[in-house]
Each structure stands twice: as C-alpha cells, then as structure tokens.
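Single-structure report; data block below.
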Amino acid sequence: MPLRIHPSILNADHDNMQRELDRVVEGGADGIHLDIMDGKFVIPVTFDIHTIERYVEMCDLPFDAHLMIVEPEKHVDKYIQAGADLVNFHLEVAGDPEALIEHLHAQGVEAGVTINPDTPVDGVLEVAHLVELVLFMSVYPGYGGQEFIKEVLDKVRTFKRYCMENSLEPMIQIDGGINLETAPLVAAAGVNTLVAGTFIFRSSDYGATIKSLRDACEGVEPDW
Ligand code: DX5
Ligand code: ZN
C-alpha cells in the first residue's frame, strides 16, 4: 500500500478552513483526520456536528473521524450523518467493539480502532480482521504538538507482523508527533498512514511539507 498522509486539522486555522483544506488537497493529502473530543475521554472538546458538516462540504477527500469520546456506541450515528467516511473509536472505552464495527459497516462507513500509548496490542489483534484501519496513538490524546513516544513502535511492529502472517491489509495509522525525524521510524515499523497536525499546519507550504514527509519515508528498510 503506498504511504498515505492524513493531515489532522486540530490545529489548522479554523477561521479560514476553506483555504486550509484547499491547500492540503492541492498539496497531495490522501484524507482528512478529524479529532473529535468530548471533554471526558480527553479534557478538550472539539468539533460540533454543524462544523463537521461544513468541513465535509468544503473538501472531497475522505474524512476519518478519530473519536476521543466515552461510550462511542451512543454517538457514532451523528458523525456518520455529518459525513465521516470512516469512524474510528478507542478500544479502551468500547463496550462491545465487534458489535460497534458491525454497526458501522451496516451504516455504510469504514471502521477503525485506536489504542493509547500504554494500551497493550492484544485487543487490536482480536478485531484486526474486521476493520479497515488501526490507529496507534504515539502521544497521549488530547492535544497536538506533543513529543512522539518511541516505545509505541514495538506494538506497531507486532501488529505489522500479525497482518503479514494473516494476510490482512488495513491502514496502519499513527497519530502524534510526526515530523521528518519520526516519519521514517514509523514507516520502517510498518505504518502506512501518517497523521500529522502541527508539522503540516505550522509550516508555510503545506504541499512541500507533505512531500517532505513522503520523501523521508521513501525506500526505508522495514524493521518489523
Ligand atoms: C491528539 C490528536 C492528534 C493531533 C496530532 O489527540 O489525536 O491527531 O492533532 O497532532 P500533532 O501532529 O501535532 O502531534
Ligand atoms: Zn487524532
């Protein structure tokens, strides 16, 4: 699978979102990563439904909704209705992950699961054959601009080996602290989808930054 780059719009300029989205589209992004926070699973609160609907209208790329919310099963439908193409929930707070994945597919969207830096990989292995995306948090969720937690790479390698052994090809996504130093490390470990927030949106030329991330991962030797 060619490397995908999904800018996280958490720290974009929300007063000028059409321009922000146009710039990442023109810059070659493959999807938009939408960080949804409820003030319970994480302290901040982000993106009401109306805002999500407006952003989806502004941009033709697929939106992956990263739900940092408790009791995701109670809330997923409104994000589907708002236009998310993929809904991704945290395994730490899902009552019945398999049922929720089934529900998402029945509603016509793709499904993803996420684990925090200190959550073991076992739960992911159990549902890997059911999902289109697995997200490994490489920072504690809640805020952009944090430092990458290198220890997460071991879980990514374990998961990549599991995928190869079981002929699975989900998006393997990583989120938090991605830049030119960390991108090649995660690519070597088996990540095929980079989420990058501040590294893209704090740069002056989004297209050049997206390309630099791709170039940094080009030809890295796998170490899984
Ligand atoms: C953190 C979010 C991330 C965040 C990444 O809770 O899930 O998507 O925006 O930001 P950077 O790339 O700045 O670490
Ligand atoms: Zn995220």
Side-chain angles (χ1 to χ4, degrees), residues 3-14 17 20-21 23-24 27 29-47 51-52 55 61-70 72 75-76 79 84-94 110-119 124 131-153 155-156 171-187 191-204 206 209-210 212-214 216-217:
L3 184 76
R4 299 177 62 90
I5 298 183
H6 290 200
S8 157
I9 58 172
L10 187 61
N11 287 324
D13 175 2
H14 290 272
M17 258 334 257
E20 293 284 72
L21 289 166
R23 283 182 177 173
V24 290
D30 302 288
I32 301 295
H33 181 87
L34 196 58
D35 286 304
I36 297 169
M37 309 187 187
D38 66 353
K40 295 180 190 133
F41 184 69
V42 289
I43 294 168
V45 178
T46 59
F47 303 139
T51 303
I52 298 169
Y55 292 176
L61 288 180
F63 276 68
D64 73 279
H66 173 199
L67 302 186
M68 286 162 273
I69 65 174
V70 299
H75 304 283
V76 289
Y79 299 109
D85 299 278
L86 183 150
V87 175
N88 174 19
F89 61 89
H90 271 259
L91 279 182
E92 295 87 358
V93 285
E110 294 188 319
V113 291
T114 302
I115 54 172
N116 277 338
D118 56 2
T119 300
V124 166
V131 293
E132 284 75 32
L133 176 144
V134 169
L135 167 57
F136 292 89
M137 288 306 298
S138 44
V139 297
Y140 287 92
Y143 305 95
Q146 303 183 74
E147 199 171 325
F148 183 78
I149 300 171
K150 224 174 168 178
E151 287 68 28
V152 170
L153 290 173
K155 286 192 291 187
V156 176
M171 279 186 264
I172 305 177
Q173 191 177 68
I174 201 150
D175 184 6
I178 293 301
N179 55 38
L180 294 185
E181 285 80 57
T182 55
L185 303 179
V186 306
V191 164
N192 56 32
T193 308
L194 304 178
V195 172
T198 50
F199 188 64
I200 292 173
F201 287 103
R202 298 269 161 85
S203 71
S204 54
Y206 301 166
T209 304
I210 290 169
S212 71
L213 284 170
R214 280 194 214 286
C217 297

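Source: prediction; values computed, not measured. Order of appearance sets the numbers: ligands from 1, and atoms from 1 within every ligand.
Heavy-atom proximity to H66, at under 4.0 Å, picks out these atoms of ligand 1: 7 (O). Near M68, with a cut-off below 4.0 Å to any heavy atom, the atoms of ligand 1 are 6 (O), 7 (O). Residue contact check: G142 has heavy atoms under 4.0 Å from atoms 1 (C), 6 (O) of ligand 1.
Judged by the shortest distance from any of its heavy atoms, F199 lies outside the 4.0 Å radius around the atoms of ligand 1.
Within the 3.5 Å criterion, the main-chain N or O of A111 finds a donor-acceptor partner in the side chain of E132. Between the N88 side chain and the D64 main chain, no donor and acceptor come within less than 3.5 Å of each other. For the pair N192 (side chain) and I172 (backbone), a donor-acceptor distance under 3.5 Å is present.
By heavy-atom distance, the residue among A196, P7, G197, G177 lying nearest atom 14 (O) of ligand 1 is G177. For atom 4 (C) of ligand 1, the nearest non-hydrogen atom from the set D175, V42, T182 comes from D175.
Residue pairs meeting the salt bridge (Lys or Arg N to Asp or Glu O under 4.0 Å) criterion with at least one partner in residues 3-13, sequence neighbours excluded, are D13-R19.
Taking the six-membered ring where the residue is Trp, H90 and F41 present tilted rings, their angle falling between 30° and 60°.
Here the shortest heavy-atom pairing between D35 and S8 reads OD2-OG, 2.7 Å.
Backbone and side-chain nitrogen or oxygen atoms of V139 are examined, and none is located within less than 3.5 angstrom of a nitrogen or oxygen of ligand 1.
Angle ND1(H66) to the Zn ion (ligand 2) to OD1(D35): 90° [nearest 10 degrees]. If you put the vertex on the Zn ion (ligand 2), NE2 of H33 and OD2 of D175 sit 100° apart, to the nearest 10°.
Residue contacts with ligand 1, taken as heavy atom pairs separated by less than 4.0 Å, involve T198 via backbone and side-chain atoms alike. Of the heavy atoms in P141, both backbone and side-chain atoms come closer than 4.0 Å to ligand 1.
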